[in-house]
Amino acid sequence: MSNGTGTSGYGITIFKPGTPPGVRARGIIFFIILCILILMEAFYFLFANSARPFVLGMPFGMFFIVLVIAIEFIALLILYFLEENDMQKEGGR
Amino acid sequence: MDWITILIVMCIYLLFVLFLGSWAGRGRESSIVEYVAASRNLNFVVMYFLMGGAIFSAFAYLGGPGWAYSRGAAAFYILGYCAFGLVPWWLWGPRALRAGLKYNYVTQAQLFTDRFQSKALSIIIAVVSILAFIQYIALQMKGCAYIFEVGSGGRVPFWAGALIAYAVVLIYVFFGGVRGVAWTNLFQGAFMIVTAWVLGLYFAYSLYGGPSEMFRQIAEANPTHLLVGPGTKMSYAAFATALLVSVLGFVMWPHLFMKSYTAKNERVLKQTILMYPTFAIFMVPVLFIGFAGIMQVKPADLGAADKILPWMFSNMQFPPLAIGLVLAAALAAAMSSQDTITHAAGSIFAQDFVEVLRKEKHTEKQATLWVRISVICFGAISYLVTIFGGQTLVALLLGAYGAIVQLLPLAAATFFWPRATKAGAICGLLVGVLYNFGIVFKIIPQIGDIHAGIQGLILNFIVLIVVSLLTKPMDKDHVQKFVSL
């Protein structure tokens with residue numbers, strides 16, 4: 001997932017030119033986390049294809065889906081505040 | 001005479017929505033950017049409900065409980081795609097917003113057409129989008145018609161119910177544009193969420209003493225109902241690929257993608273994506289309604305599974321005022337999707353089809369008028385499909401629905417791969433769309449239970465890459481302006 005623009009200028013470009021390495025690394029990490037969460041939802045039956053136990057009034061499979069949604073929300077929240085922090089720093093410069 | 005009270009409540013609701021939607025567009029300038037993109041200044045709360053209204057549709061409110069009732073755990077996929085549907089937008093939403101601001105785009109096709117320098121692409125996207133939209137609008141109209149039928153005890157015929165919904169939506173979309181759609185969705189969204197929670201928990205507690213006991217009884221009576229896989233209503237492959245195609249394709253719906261241009265700034269866009277999973281949580285009690293019906297009515301007595309919500313009401317001895325409010329909420333679900341899509345269909349036809357075919361550009365006033373005329377026409381066509389639609393047409397439109405996800409490679413190539421060429425984009429899109437239709441019409445055999453859209457998408461990516469590499473690269477400066485946004 002590098003900025004493979006190379007010399008031709010036609011390579012895959014994930015990040016804008018000049019993006020700091022830390023921001024790139026963070027982007028890649030969150031991209032992988034969110035992809036894993038989406039796959040956990042799509043293949044939830046590998047982990048929780050069961051009615052019991054009932055958790056918070058829901059069958060286990062449904063609870064698992066809701067749990068992944070909660071984790072997704074937390075991941076997005078962290079990402080949002082990190083990006084917000086960057087934007088404020090840029091604004092402050 | 002309970003039906004009169006129910007109809008009065010529903011009519012008051014419709015009048016309020018009509019007033020709100022028309023009022024929202026009052027005093028605004030008559031320009032395309034205002035009518036289609038709300039002058040690019042919608043704030044977070046309005047954006048949140050504008051996007052939420054699209055998913056809280058007749059399908060979610062009537063079809064969601066229907067799926068929970070008839071297919072059990074298969075309905076969990078609705079929660080998954082609702083929660084993750086906007087996540088891919090984090091990647092290209094802000095870029096699309098910047099592109100819209102910089103190059104004055106108001107539709108999805110304008111962005112792709114400019115990137116790939118192809119009017120043909122604009123026309124293909126317009127045709128695919130509109131075919132999919134008509135089915136979608138017709139579905140919502142059918143939902144509204146059915147609600148009126150139930151509310152009036154069969155006194156308001158199907159055609160009249162659909163006509164009322166068409167007329168109300170048409171008036172406020174015509175006058176209010178996307179701003180009217182946004183403000184009505186805000187009200188309707190909040191109304192639906194409250195009603196969904198009250199109803200879902202009410203049925204679970206009043207009929208079973210709580211959700212845990214409800215699910216325990218379901219699991220005992222039908223051990224496979226709360227599972228997916230062999231011997232259930234949905235196979236593993238069907239569940240996984242249905243969820244994946246929905247997540248990947250969700251923001252590719254042109255009426256959602258073009259909302260990138262309505263947000264005030266990137267912060268608003270990201271806040272909307274961040275908060276969107278809450279809509280999935282709001283869907284949980286909606287599914288409870290369907291699950292609650294399993295031990296109450298046999299499928300043979302119910303007829304269609306989508307009737308479970310109205311059936312629960314008509315058999316629970318509720319006061320007419322409460323029934324009126326709940327049916328109004330169901331109307332809200334249908335109308336909040338119908339208005340967004342009607343507006344988008346009109347905008348796309350006028351901007352991506354008519355405007356592209358003309359040699360001279362319309363003035364701002366003429367272009368806005370064209371969008372408004374298109375809104376009337378698409379509403380009318382959808383109404384006719386609702387009333388007279390045959391099976392062949394439905395199959396065609398179902399194919400178009402699956403075709404929407406084929407726009408994903410165009411977005412990926414626009415923002416991340418400058419080497420993609422016009423020929424690659426058109427060939428990939430056509431192969432993906434035609435392959436999808438081939439499966440729908442049973443010309444091409446389906447591989448296992450893998451969603452036709454996913455199969456088409458894989459082919460689409462392969463063709464885009466191969467044809468692009470075999471054809472001459474596009475102008476470097478031109479393509480770089482999209483990846484450096």
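Both the backbone and the side chain of A:Leu77 come within less than 4.5 Å of a heavy atom of chain B. Heavy-atom distances place both the backbone and the side chain of B:Arg267 under 4.5 Å from chain A. Contacts between A:Leu37 and chain B at a heavy-atom distance below 4.5 Å involve backbone atoms as well as side-chain atoms. Proximity to chain B (any heavy atom under 4.5 Å) is shown, for A:Phe60, by neither the backbone nor the side chain. B:Leu227 touches chain A through backbone and side chain together, each having a heavy atom under 4.5 Å away.
More than 12 heavy atoms of other residues, nucleotides or ligands shown are found within 6.0 angstrom of NZ on B:Lys481.
Within residues 408-418 of chain B, the residues having any heavy atom under 4.5 Å from a heavy atom of chain A are, by residue number, B:Phe415, B:Phe416, B:Trp417, B:Pro418.
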Please set out all donor-acceptor pairs under 3.5 angstrom arising from side-chain atoms of residues 82-92 of chain B, sequence neighbours excluded.
unit_1	atom_1	unit_2	atom_2	d
B:Trp89	NE1	B:Ser260	OG	3.1
B:Trp90	NE1	A:Glu83	OE1	3.4
B:Trp90	NE1	A:Glu83	OE2	3.4

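Heavy-atom pairs under 4.5 Å with chain B peak, among A:Arg52, A:Glu84, A:Glu41, A:Met62, at A:Met62. Considering only heavy-atom pairs separated by less than 4.5 Å from chain B, the leading option among A:Val68, A:Val55, A:Ile69, A:Leu56 is A:Ile69. For chain B, the option among A:Phe43, A:Phe45, A:Tyr44 with the highest count of heavy-atom pairs below 4.5 Å is A:Phe45. Among the candidates A:Gly61, A:Gly57, A:Ala75, A:Ala70, the residue making the largest number of heavy-atom pairs closer than 4.5 Å to chain B is A:Gly57.
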